[in-house]
Amino acid sequence: MSKLNGKVALVTGASKGIGAGIARRLAAEGAEVVVNYATSDSEAKDVVAGIEGEGGRAIAVRADVRNKPEVDSLIKSAIDHFGRLDIVVNNAGIYQFAKIEATTEALYRQQFDLNVLGPLLVTGAAAPFLAEGSSIINISSFVTRILPAESSIYSGTKGAIDAITGVLSRELGPRGIRVNSVNPGLIETDGTHANGVMGSDFQVWNEQQTPLGRIGQVTEIASIVSFLASSDAAWVTGERIIGAGGMR
Ligand code: NAP
């Protein structure tokens, strides 16, 4: 596989879960990869070591994507190290369902700051460096289609991401930069294990409602991202690709 040879990719939140899977897949396709993380230093280094073990090139860069100076420094690290930037995957995100009565400012800030402000800051800082043919991929969620109860804040963040994806496809399209979202269904990740979704009634409900009868794996989202990152998707922008086993 080499369809991303010569490209440099930044994946936010790539120390774990879907982001780690995306970083590995883009590297396997030939991209040099910036593995961003916030706190999980050793996991990020493991992702880099895994990529290097397969003959690829990657660096781990710590930056909180909610913080503009740290984001600016993240983009500078990518350019300083690899000399260019072609693919930006806004993946870092957090999910916490809650009844509307349980809404707090803290729950709102926690999710909107990471899931919405983060991609805005990263994309804004990266945009001046992106050449024609570049690709931005925002990791949204199938919640913007199925709108599950008790997910107002989280679904609100991902609805914003779907809207921002469309806006930026228009804003950056004239420069030959494509902007799309990938909207995963329930995926087995570090995050879904840590927050108790794995093994919960929500997992069972997902399996029952999904035509393919199971939940997804990170490799199944990474393959969609690698398609959108490549010139195979040269005529695709402003779109939302739902990877959810047919659940609707
Ligand atoms: P995860 O396993 O919890 O991993 C989250 C990643 O985000 C980690 O690498 C974490 O790094 C990083 N991160 C957290 N805060 C950060 C910050 N402030 N700055 C930079 N990075 C930060 O998550 P996941 O389940 O793979 O989900 C990834 C994305 O997919 C999210 O946007 C989520 O909304 C979306 N999604 C997930 C599912 C699912 O079922 N898993 C379904 C639909 C959509 P550290 O560990 O270093 O903090």
Side-chain angles (χ1 to χ4, degrees), residues 10-25 34-48 60-71 73-75 77 88-97 109-122 125 137-146 148 151 153-162 164-165 181-200 202-203 205-207 210 214-222 224-225 240-245 247:
L10 162 64
V11 185
T12 67
S15 55
K16 292 179 185 165
I18 292 171
I22 293 168
R24 290 190 195 97
R25 175 64 187 251
V34 178
V35 173
N36 160 250
Y37 67 101
T39 57
S40 301
D41 192 58
S42 66
E43 285 92 339
K45 284 181 179 147
D46 286 348
V47 173
V48 169
V61 181
R62 201 209 72 76
D64 182 338
V65 297
R66 302 168 299 183
N67 179 296
K68 182 157 169 54
E70 293 190 25
V71 167
S73 154
L74 167 67
I75 300 300
S77 297
V88 175
V89 184
N90 286 305
N91 165 78
I94 192 167
Y95 29 89
Q96 192 165 344
F97 285 21
R109 296 273 171 232
Q110 179 192 41
Q111 294 180 80
F112 267 86
D113 282 0
L114 182 54
N115 297 3
V116 183
L117 178 60
L120 288 170
L121 292 177
V122 170
I137 298 129
N138 295 323
I139 305 303
S140 180
S141 171
F142 76 148
V143 296
T144 64
R145 178 159 80 178
I146 66 166
S151 74
I153 297 176
Y154 179 63
S155 293
T157 69
K158 295 306 188 179
I161 287 299
D162 287 0
I164 289 164
T165 299
S181 74
V182 175
N183 297 47
L186 182 58
I187 305 293
E188 182 176 9
T189 65
D190 304 272
T192 50
H193 274 287
N195 72 4
V197 170
M198 288 296 103
S200 70
F202 187 64
Q203 178 182 350
W205 177 74
N206 269 270
E207 289 165 349
T210 300
R214 61 176 176 82
I215 63 164
Q217 297 297 318
V218 297
T219 51
E220 294 169 316
I221 299 306
I224 304 170
V225 172
R240 170 175 86 154
I241 299 185
I242 298 178
M247 186 170 178

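Predicted, not measured: the structure shown is a model, and the values here were computed from it. First listed ligand is number 1; within each ligand, the first listed atom is number 1.
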| Is the shortest side-chain N to carboxylate O distance from D162 to K158 below 4.0 Å? |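 The answer is no: the pair does not qualify as a salt bridge.
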| query | Aromatic rings F202 and F97: how do their planes relate, parallel, tilted or perpendicular, breaks at 30° and 60°? | reply |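 Rings of F202 and F97: perpendicular, as their planes differ by over 60°.
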| query | What residues form a salt bridge (charged side-chain N to carboxylate O under 4.0 Å, His left out) with E70, not counting sequence neighbours? | reply |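 Residues passing salt bridge (charged side-chain N to carboxylate O under 4.0 Å, His left out) with E70: R62.
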| request: Could you pull out all residues at least two apart from D113 that satisfy salt bridge (charged side-chain N to carboxylate O under 4.0 Å, His left out)? | output: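 Scan of D113 (salt bridge (charged side-chain N to carboxylate O under 4.0 Å, His left out), adjacent residues dropped) gives none.
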| request: Quick one, list the residues around ligand 1 where some non-hydrogen atom comes in under 4.0 Å, by chain and residue number. | output: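 Shell around ligand 1 (4.0 Å, heavy atoms): G13, A14, S15, K16, G17, I18, N36, Y37, A38, T39, S40, A63, D64, V65, R66, N91, A92, G93, Y95, L114, I139, S140, S141, Y154, K158, P184, G185, L186, I187, T189, D190, G191, T192.
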| query | By side chain to side chain contact (heavy atoms under 4.5 Å, CB included), which residues pair with E220, not counting sequence neighbours? | reply |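 Partners of E220 by the side chain to side chain contact (heavy atoms under 4.5 Å, CB included) criterion, ordered by chain and then number, come out as R214, Q217.
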| field | L117 versus R66, closest heavy-atom pair with distance | value |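 Nearest heavy atoms, L117 then R66: CD2-O, 3.9 Å.
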